[in-house]
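What follows is one structure encoded as structure tokens, with my remarks underneath.
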Amino acid sequence: MPVGGMGTVRGRRVVVAAVAVALAVLMVGAARAVARWVVETPAPAVAAQPSAELANPLPPDAETVALGRRIYLQNCAFCHGPGGQGNGRAAPGLIPPPEDLTSVGARRLTDGQLYMLISAGVPKTAMPAWEKVLNSGQRWALVTFIRAEIQK
Ligand code: HEC
């Protein structure tokens with residue numbers, strides 16, 4: 001039997017080492033390929049359209065404003081107050097207090113930001129998420145109402 005041939009323990013060790021080196025080279029190559037793919041692949045279209053830029057799909061007519069007013073008085077006035085100044089009946093017990101929706105800060109929000117805040121709520125405050133309670137049309141009607149009457 002030849003010394004160092006495939007049949008010997010040493011021969012097998014050489015083969016195992018060679019396979020390990022080959023695997024390591026392959027893995028480094030794969031990791032480089034993934035890194036290049038991550039860097040070069042463009043972000044998905046969703047990220048290109050931040051929620052702040054969402055546009056209100058409803059016409060700002062009297063009917064939409066009336067719908068928004070009805071929903072607001074039923075669901076929001078309790079905390080934010082009938083006029084939106086953050087002075088609803090429940091307000092005195094709340095920390096942080098309900099936002100004054102007539103404030104400069106609230107007026108600066110885009111329609112999309114307003115819609116997302118209403119939809120998702122504000123974690124660790126009394127502000128609930130409304131996306132499972134009100135459908136998207138109802139939430140956009142709230143945006144229309146807040147712009148047309150509360151922030152008029
Ligand atoms: C149980 C009380 C409560 C109810 C009901 C409630 N809110 Fe709020 N809301 C809050 C509180 C408290 C905050 C302030 C959170 C903070 O400090 O960031 C808030 C914040 C907000 C904000 C964020 C304003 C900003 O400038 O960041 C909007 C918009 C808003 N509420 C709209 C609504 C609408 C519309 C409804 C009804 C569908 C509603 N809220 C119902 C308590 C309430």
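For reference, positions follow the sequence shown, starting with 1. All ligand and atom numbering here is 1-based and tracks the order in the structure.
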Measure Ile71 to ligand 1 on non-hydrogen atoms and call it side chain, backbone, both or neither using the 4.0 Å cut-off.
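No part of Ile71 is near ligand 1 at this cut-off.
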Between Pro97 and ligand 1, find which residue part has any heavy-atom pair under 4.0 Å and reply side chain, backbone, both or neither.
backbone
At atom 8 (Fe) of ligand 1, what angle lies between atom NE2 of His80 and atom SD of Met127, rounded to 10 degrees?
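Rounded to 10°, it measures 180°.
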Tell me the closest heavy-atom pair linking Ala141 and Leu67, and the distance in Å.
CB-CD2, 3.8 Å
So which atom in Leu134 and which in Arg139 form the shortest heavy-atom distance, rounded to 0.1 Å?
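Looking at all heavy atoms of both residues, the closest pair is O-NE, 2.9 Å.
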Which residue in the set Ile71, Leu101, Leu142 passes side chain to side chain contact (heavy atoms under 4.5 Å, CB included) when paired with Cys76?
Leu142
Distance from [atom] to nearest protein heavy atom, with residue and atom:
atom: atom 5 (C) of ligand 1; result: Asn75 O, 3.3 Å
atom: atom 29 (C) of ligand 1; result: Leu114 CD1, 3.4 Å
atom: atom 23 (C) of ligand 1; result: Leu117 CD1, 3.9 Å
atom: atom 3 (C) of ligand 1; result: Cys79 SG, 2.7 Å
atom: atom 28 (C) of ligand 1; result: Leu101 CD2, 3.7 Å
atom: atom 17 (O) of ligand 1; result: Pro96 CG, 3.4 Å
atom: atom 18 (O) of ligand 1; result: Val122 CG1, 3.5 Å
atom: atom 11 (C) of ligand 1; result: Pro98 CA, 3.5 Å

Quick one: are Thr102 and Arg107 in side-chain contact, heavy atoms under 4.5 Å?
yes
With a 4.5 Å cut-off on side-chain heavy atoms, are Leu117 and Glu99 touching?
no
Using heavy-atom distances only, which candidate in Arg139, Gln138, Glu99 approaches atom 26 (O) of ligand 1 most closely?
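The residue whose heavy atom sits nearest atom 26 (O) of ligand 1 is Glu99.
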Closest by any non-hydrogen atom to atom 41 (C) of ligand 1: pick that one out of Trp130, Tyr72, Phe145.
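Nearest heavy atom to atom 41 (C) of ligand 1 lies in Trp130.
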Could you check Arg70 against Gln138 for side-chain contact (heavy atoms from CB on, under 4.5 Å), going step by step and ending with a plain yes or no?
CA-CA 10 Å; Arg70 204 160 64 234; Gln138 291 172 317; over 6 Å; no
Once the angle between the rings of Tyr115 and Trp140 is folded into 0 to 90°, is it parallel (under 30°), tilted (30 to 60°) or perpendicular (over 60°)?
parallel
Does at least one non-hydrogen atom of Ala126 fall below 4.0 angstrom from an atom of ligand 1?
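Flag set, Ala126 near ligand 1.
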For Pro128, is the nearest heavy atom under 4.0 Å from an atom of ligand 1?
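Heavy atoms of Pro128 do come under 4.0 Å of ligand 1.
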Any idea which atoms of ligand 1 are less than 4.0 Å away from a heavy-atom of [X]?
X: Thr125; result: 15 (C), 16 (C)
X: Ile118; result: 35 (C)
X: Leu109; result: 25 (C), 26 (O)

Passing option when Asn56 is tested against Thr144, Thr64, Asp111 for side chain to side chain donor-acceptor pair (under 3.5 Å)
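When Thr144, Thr64, Asp111 are each tested with Asn56, the side chain to side chain donor-acceptor pair (under 3.5 Å) holds only for Thr144.
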Give a yes or no on whether the backbone of Ala52 and the side-chain of Thr110 come within a donor-acceptor separation of less than 3.5 Å.
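Yes, because the side chain of Thr110 sits within donor-acceptor range (under 3.5 Å) of the backbone of Ala52.
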Answer yes or no: are there more than 12 heavy-atom neighbours, outside Glu149 itself, under 6.0 Å from its atom CD?
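Atom CD in Glu149 is crowded, with more than 12 foreign heavy atoms closer than 6.0 Å.
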Is Leu73 reachable from Val143 through a run of I, L, V, M, F, W or Y residues, each pair having side-chain heavy atoms under 4.5 Å apart?
yes
